[in-house]
Peer 1: 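Quick one: this structure, given as structure tokens, is what I'll be asking you about.
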Amino acid sequence: MSQVHFEISGRVAEIRLDNPAKLNAFTVDMLTQFAAHLEKIEDNGDIACVLVTAVESKAFCSGADINGWGDLTPAQFSRNWVRGGHRMFDRLARLSKPTIAVLGAHAFGGGLELAAACDARVMAPRATIALPEAGIGIVPGWSGTQRLARLLPEPMLKEMAIFGRRIGAERALQVGFVAEVADDPRAAADAMAARVCELSPRAVEIAKSMIHAARGEDAGAMVEALGSAAIAASDDRAEGVGSFREKRKPKFSGN
């Protein structure tokens, strides 16, 4: 039975965690399911925005299910669990569509890392964020000390990762990590998504790529993607393809 659901409503896609008995904690299967849904989204040109949500629980996502990695050898833990999570989270961060995490409840560990991989976050007033890994003898493994370091002030990140403190919604809003604190975060996210659907999809995609490149995140890949998009629209590209198929010498115009 799937614990990561995928739905499309109009031009908005939703990926929803559904593991409430474990506070929506990730399992290996959930990572795989989530990654598969991301591929569906990337291949669907009709989707303009993506919401990352969770079923009602005390947590949006409490991180990773300890039963999924507690008995792994050090090599298995590093190669399979940590790297597998990195692949999925990086894929989410690089998605061409804008993404919004809907934090209706607490986001701890991997749940906070999941929210950080999205482009924007909307948070309920009662929700908190935390990195509690040190309390069970591990460290953040899915970009908690890397991606979050670009989104949060260093003292705040240290409060969570080193001192074990939780950060409330209003404080997260003050530092810009959260776009909005709302009693109904889903409604607020829906309003943001509706606005995205009114914008130029291509302009939004390119703007996202430019912002990521500017902060050094996959800068080389972003530059290549933007360059490839520009050349794909050129007359020279059409001439090059046409001359190859017609087995003749190309006549490039520079346009």
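Counting begins at 1 with the first residue of the sequence. This is a predicted model, so every value here is computed, not measured. Just so it is clear, the values below take in all heavy atoms, side chains as well, and ignore hydrogens, waters and symmetry mates.
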Peer 1: Restricting to side-chain contact (heavy atoms from CB on, under 4.5 Å), what partner residues turn up for Glu7, sequence neighbours left out?
Peer 2: Glu14, Arg16
Peer 1: More than 12 non-hydrogen atoms from neighbouring residues, nucleotides or ligands closer than 6.0 Å to CD on Glu246, yes or no?
Peer 2: yes
Peer 1: Run the salt bridge (charged side-chain N to carboxylate O under 4.0 Å, His left out) check on Asp90 and Arg147 step by step: do they pass?
Peer 2: CA-CA 10 Å; Asp90 289 347; Arg147 187 171 288 117; 2.9 Å; yes
Peer 1: With a 4.5 Å cut-off on side-chain heavy atoms, are Leu131 and Thr145 touching?
Peer 2: no
Peer 1: Tell me, yes or no, whether the heavy-atom count around Arg195 atom CZ, taken from other residues, nucleotides or ligands under 6.0 Å, exceeds 12.
Peer 2: no
Peer 1: Please check if Leu114 and Leu152 belong to a single hydrophobic cluster, counting links between Ile, Leu, Val, Met, Phe, Trp and Tyr side chain heavy atoms closer than 4.5 Å.
Peer 2: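 They do share one cluster, since a chain of ILVMFWY contacts under 4.5 Å joins Leu114 to Leu152.
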Peer 1: Check whether any side-chain heavy atom of Arg166 sits under 4.5 Å from a side-chain heavy atom of Ile129, and report yes or no.
Peer 2: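 They are not in contact (no side-chain heavy atoms under 4.5 Å apart), so the answer is no.
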Peer 1: Does Asp236 reach the side chain of Ser253, with side-chain heavy atoms less than 4.5 Å apart?
Peer 2: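 Contact flag for Asp236/Ser253 side chains = yes.
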Peer 1: Counting only heavy atoms not in Asp43, do more than 12 sit closer than 6.0 Å to its CG atom?
Peer 2: yes
Peer 1: Check the pair Glu113, Phe89 against side chain to side chain contact (heavy atoms under 4.5 Å, CB included), reporting the backbone distance first and the verdict last.
Peer 2: CA-CA 8 Å; Glu113 292 165 319; Phe89 281 43; 3.6 Å; yes
Peer 1: Are Ile100 and Ile47 connected in a single hydrophobic cluster, I mean Ile/Leu/Val/Met/Phe/Trp/Tyr linked by side-chain heavy atoms less than 4.5 Å apart?
Peer 2: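 Different clusters.
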Peer 1: Is Leu31 close to Arg87 at the side-chain level, that is, under 4.5 Å between some pair of heavy atoms?
Peer 2: no
Peer 1: Answer with yes or no whether the hydrophobic clustering places Val204 together with Met210; edges join I, L, V, M, F, W, Y residues whose side-chain heavy atoms lie under 4.5 Å apart.
Peer 2: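 In one cluster: no.
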Peer 1: If you measure from the Lys or Arg side-chain nitrogens to the Asp or Glu carboxylate oxygens, is any gap between Lys251 and Asp235 under 4.0 Å?
Peer 2: no
Peer 1: Can you hop from Val102 to Val196 via hydrophobic side chains spaced under 4.5 Å?
Peer 2: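 Val102 and Val196: separate clusters.
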Peer 1: Determine whether Leu103 and Val122 make a side-chain contact, defined as any pair of heavy atoms from C-beta on separated by less than 4.5 Å.
Peer 2: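 Leu103 does not reach Val122 side chain to side chain.
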Peer 1: Is the shortest heavy-atom distance from the side chain of Phe177 to the side chain of Arg121 under 4.5 Å?
Peer 2: yes
Peer 1: Ring-plane angle category for Phe6 and His37, please: parallel below 30°, perpendicular beyond 60°, tilted otherwise.
Peer 2: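 It falls in the parallel class, under 30°.
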Peer 1: Measuring only between side-chain heavy atoms, which start at C-beta, is Pro155 closer than 4.5 Å to Lys158?
Peer 2: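 No - every pair of side-chain heavy atoms lies 4.5 Å or more apart.
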Peer 1: Could you go step by step and tell me if Ile167 and Thr128 meet the side chain to side chain contact (heavy atoms under 4.5 Å, CB included) rule?
Peer 2: CA-CA 5 Å; Ile167 303 298; Thr128 61; over 6 Å; no
Peer 1: Go through the steps to decide whether Thr99 and Asp119 satisfy the test side-chain hydrogen bond (donor to acceptor under 3.5 Å, both in side chains), and finish with yes or no.
Peer 2: CA-CA 5 Å; Thr99 55; Asp119 297 310; 3.2 Å; yes
Peer 1: Would you mind checking if Arg11 and Glu198 are paired as a salt bridge, meaning a charged N to carboxylate O distance below 4.0 Å?
Peer 2: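 Salt bridge between Glu198 and Arg11, a charged N being under 4.0 Å from a carboxylate O: no.
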Peer 1: Does the distance from a Lys or Arg side-chain N to an Asp or Glu carboxylate O, for Arg202 and Glu205, drop under 4.0 Å?
Peer 2: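 Salt bridge present between Arg202 and Glu205.
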Peer 1: Applying side-chain hydrogen bond (donor to acceptor under 3.5 Å, both in side chains), can you list everything that pairs with Ser243, at least two apart in sequence or on another chain?
Peer 2: none
Peer 1: Of the options Gln3, Gln33, His5, which is the one that meets Asp18 in a side-chain hydrogen bond (donor to acceptor under 3.5 Å, both in side chains)?
Peer 2: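 Exactly one option meets the side-chain hydrogen bond (donor to acceptor under 3.5 Å, both in side chains) with Asp18, and it is His5.
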Peer 1: Say whether Ser96 and Glu42, considering side chains only, have a donor N or O and an acceptor N or O under 3.5 Å apart.
Peer 2: yes
Peer 1: Step by step, would you call Leu17 with Phe34 a side chain to side chain contact (heavy atoms under 4.5 Å, CB included)?
Peer 2: CA-CA 9 Å; Leu17 305 183; Phe34 202 110; 4.0 Å; yes
Peer 1: Is there a continuous path of hydrophobic side-chain contacts, each under 4.5 Å between heavy atoms, that joins Val12 to Ile8?
Peer 2: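 Different hydrophobic clusters.
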Peer 1: Salt bridge between Glu159 and Arg171, side-chain N to carboxylate O under 4.0 Å?
Peer 2: yes
Peer 1: For the pair Val4 and Ile15, evaluate side chain to side chain contact (heavy atoms under 4.5 Å, CB included) and give the outcome as yes or no after the intermediate values.
Peer 2: CA-CA 7 Å; Val4 183; Ile15 302 178; 3.5 Å; yes
Peer 1: Taking 4.0 angstrom as the limit, do Arg91 and Glu39 come out as a salt bridge?
Peer 2: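 Answer for the salt bridge query: yes.
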Peer 1: Please determine whether salt bridge (charged side-chain N to carboxylate O under 4.0 Å, His left out) holds for the pair Arg248 and Glu239, giving the CA-CA distance in whole Å, both sets of side-chain angles, and the decisive distance to 0.1 Å.
Peer 2: CA-CA 10 Å; Arg248 59 176 175 81; Glu239 171 62 13; 2.6 Å; yes
Peer 1: Do the side chains of Cys61 and Phe108 get nearer than 4.5 Å, heavy atoms only?
Peer 2: no
